[in-house]
A.B. asks: 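First the structure, then my questions, so here it is.
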Amino acid sequence: MAIFEYGEYSSKYEAPDNLVEIFEKSASKYANNLLIGEKDSAGVYQWVTYSQIATRVNNLRAGLSAIGVKAGDTVGIIANNRKEWLIGEMATQGLGAAYVPMYEKELVTMWKYIVKDAAVKILFVSKPEILEKVKNFSAEIPTLKQIYLIEGSGENSMDALEKKGAGKPVPSLKPKPTDVAVLIYTSGTTGEPKGVLLSHGNLAENVKAGLAWFLNLTEESRCISMLPWAHSFGITADLHAFILRGGSIGIMGSVETLIDDLPKIQPSFMTTVPRIFNKVYNGVWARMREEGGLKLKLFEAALAAAKLKRETGKASLKYKILDTIVLKKIRARFGGRLVNAVTGSAPMNVEIAKFFIDVGIPTYDAYGLSETSPAITINSPLMGNRLGSVGKPINKTKVVIDRSRTGETGDDGEILCFGPQCMIGYHNKPEVTKEVIVEMNGMRGVRTGDRGRLDDDGFLFITGRFKEEYKLANGKYIHPDTIELEMKVMPWILNAVITGAGHDYNVGLIVPDMKLLKNLATELNLSVEPKDLFDPANPAGQNFKNLLTAEVQNHLKKTIGSYEIPRKFAFILEDFTLDNGMLTQTMKLKRRVVMEKYGDMLENLYKE
C-alpha cells in the first residue's frame, strides 16, 4: 500500500542555531586539530589547524568592520574552495552580514548580475585574472564599494585587510537563526538565476540532521572536498558538517587530479555526485577486461564472493582472501580509508551502487535542493540504505506527495518538503517565492518541482522532474532525465540528451567515449578511426551508428517502456562541460543551453 507522507515536522531551531557559533565552539574545542589541507606548488598537501583559521577569521572580521561592513550588508566572493573562502564566510557572518559565493568558472555577466542583485558591498576575488575581469564593477554598480584580491598583497588585498584588523579586535556577533547566512544563486538552467536566501537556522539544522544519521563521522574523520562551497550541498555536507564534528577537509585540486589527490588526502568520507563513481566503475571494468586472463577471473571471483557476503551477511574464507588480494586494491585508489560516500544531484545506478558496496565503499544517495539547504532525505548507516531510493526524510522533516498534478490513481506526485531547512525565499522575487512556498496544516515548506513516491517504510524514490517532462504525440508523459541516467550507465556513453515533445517517438543525442569506442572498433576489425565513423560522408559510419543505436535500445529495454526508447540518435564528439556552459556547477545538464545548440540536429532526425 502506498503512503503519501512521512516524517516528523518541526520548525524549532535548537542550539547551536547559527554557523558562527558552530565554528567558534569547534575552533575552541578542537583548536589543534587539522582543519583544511591544500596542495602547494609541488603537489604536497599543507594543512592548517582550527586555531590558525580562527585567528585569521578574527583579524579579517575586524578588518571588514574597519571598512564599514555591518549587520545586514552583503559580502561576495568569487573563488573555488580554499581556506580563504571559509575565513571570508566566518568573518562576514560574525558581523551579522550575509555571504554571497560565486563560482570561478562563470560568465562575467553572471557575476555582474549577482553582485548587483545582491547589493554586494565588498567583493573578494581569488586571482589577478579574475580581478582584471571585474575591476570596473565598482564604477558600474553603486552598491559595490571595494574589491579585494586573495592571491596578492598591497592595499587592496585580503592580507592587508587582515593586517588592518589584527591590532583592533572586534568581537563576533551571534546571528539569530532567522538571519540570512548565505545568498546562493541557482544556475539558471530554466531561466533567470534566482538568489536563494538561506538563514543560519536553515543551514545549522540541516547540518545537525545529516550528522545525526552518520555517527561514525567524528573528529578523526576526513573528507575530500569535491563539491563547490558556493552550492548548499558543499556548504552543509562538506564544510560545516566536518567543522561541527572537528574533522578535517582536504581540498581536491580538480576532477582531473582526483586520482592523484585521493591517496594524498586519504579521506574517510566523500560527498560527491554519482558521475564520479560511474567513471571509476567503468574504468575498473575496462581495465580488467583489457588485462583479461587470471586477473579478470580473480576480479570476477572476488565480486561474486562479495555479493554472497552482501546477500547473506557472512564473510567466507574465500571472500577474505580475495578481498585482500583484489578488492583492497580498488579501495586503495580512493586512499584506502574511505568508509562512506554520500551522493547527490542524481540517483546512483543500483548495479553500480551494489558494486561499490561489494568493494567495501558503500554509497548513500541523498536528495535535496538549494531551496532546502539542501538535504531533504538521506540513506544512511543508521536509518538504512535502500538502493534506488534517495533515503528517508531527515530529522524534523516531513515529505508529502502531492498528487494534484498527477491524479489520485497513481502512487507518485510532486514532492513537498516541510522543515526548518526550507529557505526564507528568493531574493527580490516575491512572486516567484509565492509559487514555491507552501503552507499546509500549520507547516511551512517548499514545492520541489520533482516527482516521486514513498514506499511503505518512508524511503523516497524520484520518478522524474516536472519542469523537464513532456508529452509525446500519443499523450504519454516522458521524463528524459530518467532515460539519460540509464543510458550513461553504458561504459562508452559520456553524456546523453533525450527529446521528443509533440512527436510520435523520442530521439537522442549521444556523446561517446572515443577511447572505449576505439577498442570496440578494433574488436570489430574496423580499419577506420572511430571519429571518422561519425563523419556523414563515411559509408561505413552509418552501419557503426546503427550498431551503437541497437546496443542502447537493447540496454534500455531492460528498464523502461518501449514507447520511451529513442528510435534514432545523433552523435557528437564534444562533451558537455562547465567550460562550454552545458553543465551546472553540480554537473547537472543545462538542457536549455544544449537544445539551443543541438536542437536543430535533433529535429532533423525526424526528417531522415
Side-chain angles (χ1 to χ4, degrees), residues 35-48 77-86 88 101-108 110-111 124-131 133 150-151 187 222-235 237-239 242 248-284 332-338 341-346 361 488 494-495 511 513-515 574-590:
L35 174 48
I36 291 180
E38 296 173 284
K39 283 193 295 188
D40 61 20
S41 57
V44 178
Y45 273 84
Q46 304 296 336
W47 294 83
V48 292
I77 184 169
I78 302 173
N80 292 337
N81 298 3
R82 55 189 300 153
K83 56 183 176 287
E84 288 84 4
W85 196 103
L86 171 61
M102 289 164 270
Y103 303 103
E104 284 189 12
K105 286 188 176 181
E106 190 57 272
L107 297 173
V108 175
M110 179 68 87
W111 291 334
F124 292 111
V125 299
S126 58
K127 300 178 176 71
E129 50 266 39
I130 293 178
L131 178 61
K133 294 177 182 178
I150 294 173
E151 293 180 10
S187 56
R222 175 170 293 176
C223 80
I224 179 167
S225 177
M226 304 170 64
L227 299 169
W229 294 342
H231 188 276
S232 57
F233 193 9
I235 291 176
D238 226 34
L239 186 58
F242 276 78
S248 55
I249 304 165
I251 298 174
M252 172 185 75
S254 67
V255 174
E256 290 72 31
T257 65
L258 176 61
I259 297 301
D260 294 326
D261 296 341
L262 281 164
K264 293 177 181 178
I265 295 173
Q266 295 186 320
S268 55
F269 273 75
M270 177 187 288
T271 50
T272 186
V273 294
R275 182 174 171 144
I276 297 296
F277 285 93
N278 293 356
K279 284 189 172 183
V280 173
Y281 172 84
N282 290 333
V284 169
R333 296 181 69 173
F334 287 88
R337 295 180 60 231
L338 193 61
V342 176
T343 60
S345 179
I361 303 173
K488 286 186 283 188
L494 291 176
N495 251 310
V511 182
D513 185 324
M514 298 310 296
K515 184 178 178 182
E574 181 188 19
D575 196 6
F576 307 144
T577 65
L578 282 172
D579 292 331
N580 62 22
M582 303 290 177
L583 295 180
T584 70
Q585 301 289 337
T586 53
M587 300 300 166
K588 290 179 181 175
L589 184 73
K590 287 189 176 182

A.B. asks: I need the minimum non-hydrogen distance between W111 and E104, along with the two atoms involved.
C.D. replies: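 Taking W111 first and E104 second, the nearest heavy atoms are CZ2-O, 3.2 Å.
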
A.B. asks: Going through the distances and angles, do E129 and K127 end up as a salt bridge (Lys or Arg N to Asp or Glu O under 4.0 Å)?
C.D. replies: CA-CA 5 Å; E129 50 266 39; K127 300 178 176 71; 5.6 Å; no

A.B. asks: Which heavy atom of L578 sits nearest a heavy atom of L583, and at what distance?
C.D. replies: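 Result for this residue pair: CD2-O, 3.5 Å.
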
A.B. asks: Output every pair passing salt bridge (Lys or Arg N to Asp or Glu O under 4.0 Å) with a member in residues 271-280, not counting sequence neighbours, ordered by first then second residue.
C.D. replies: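 Salt bridge (Lys or Arg N to Asp or Glu O under 4.0 Å) check on residues 271-280 returns R275-D575.
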
A.B. asks: Determine the interplanar angle of the F334 and F277 rings, folded into 0 to 90°, and report it as parallel if under 30°, tilted if 30 to 60°, perpendicular if over 60°.
C.D. replies: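 The arrangement is parallel - the two ring planes meet at less than 30°.
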
A.B. asks: Answer yes or no: is there a donor N or O on one side and an acceptor on the other, between the side chain of R337 and the main chain of P267, under 3.5 Å?
C.D. replies: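 Checked: no pair found.
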
A.B. asks: Taking it one step at a time, do I36 and S248 satisfy side-chain contact (heavy atoms from CB on, under 4.5 Å)?
C.D. replies: CA-CA 6 Å; I36 291 180; S248 55; over 6 Å; no

A.B. asks: Give the minimum heavy-atom separation between Y45 and G253, together with the two atoms involved.
C.D. replies: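 Closest pair (atom of Y45, atom of G253, distance): OH-N, 4.0 Å.
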
A.B. asks: Output the distance between atom NZ (K264) and atom CD1 (I259), rounded to the nearest 0.5 Å.
C.D. replies: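 Here the interatomic distance stands at 12.5 Å.
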
A.B. asks: What are the two closest non-hydrogen atoms of D40 and Q46, and how far apart are they?
C.D. replies: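 Shortest heavy-atom separation between D40 and Q46 comes out as OD2-NE2, 2.9 Å.
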
A.B. asks: Drop me the distance from S225's OG to I265's CD1, to the nearest 0.5 angstrom.
C.D. replies: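 If I round to the nearest 0.5 Å, the distance is 8.5 Å.
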
A.B. asks: If we ignore hydrogens and angles and just use 3.5 Å, is the side chain of S268 paired with the main-chain N or O of R222 as donor and acceptor?
C.D. replies: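 Yes; at least one donor-acceptor contact below 3.5 Å.
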
A.B. asks: Which atom pair, heavy atoms only, marks the closest approach of P263 to R333?
C.D. replies: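 Heavy atoms only, the tightest pair is CD-O, 4.4 Å.
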
A.B. asks: Search all heavy atoms of I150 against all heavy atoms of A79 and return the closest pair with its distance.
C.D. replies: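 Looking at all heavy atoms of both residues, the shortest contact is CD1-CB, 4.4 Å.
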
A.B. asks: Verify the distance criterion only: is there a donor paired with an acceptor across the side chains of D260 and T257 at less than 3.5 Å?
C.D. replies: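 No, because no side-chain N or O of D260 sits under 3.5 Å from a partner of the opposite role on T257.
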
A.B. asks: I would like to know whether I224 and F269 meet side-chain contact (heavy atoms from CB on, under 4.5 Å); could you show each step before the answer?
C.D. replies: CA-CA 7 Å; I224 179 167; F269 273 75; over 6 Å; no

A.B. asks: To the nearest 0.5 Å, what is the distance between CG on N278 and NZ on K488?
C.D. replies: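 Here the interatomic distance stands at 8.5 Å.
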
A.B. asks: Do K39 side-chain atoms and D261 backbone N/O form a donor-acceptor pair below 3.5 Å?
C.D. replies: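 Between the backbone of D261 and the side chain of K39 there is no qualifying donor-acceptor contact (under 3.5 Å).
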
A.B. asks: Nearest 0.5 Å please: distance from the CZ atom of F242 over to the OG1 atom of T271.
C.D. replies: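 Result: 7.0 Å between the selected atoms.
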
A.B. asks: Check the pair V48 / K83 against side-chain contact (heavy atoms from CB on, under 4.5 Å), numbers first and verdict last.
C.D. replies: CA-CA 9 Å; V48 292; K83 56 183 176 287; 4.1 Å; yes

A.B. asks: Donor-acceptor check, side chain of N81 to backbone of I251, threshold 3.5 angstrom: yes or no?
C.D. replies: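 No.
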
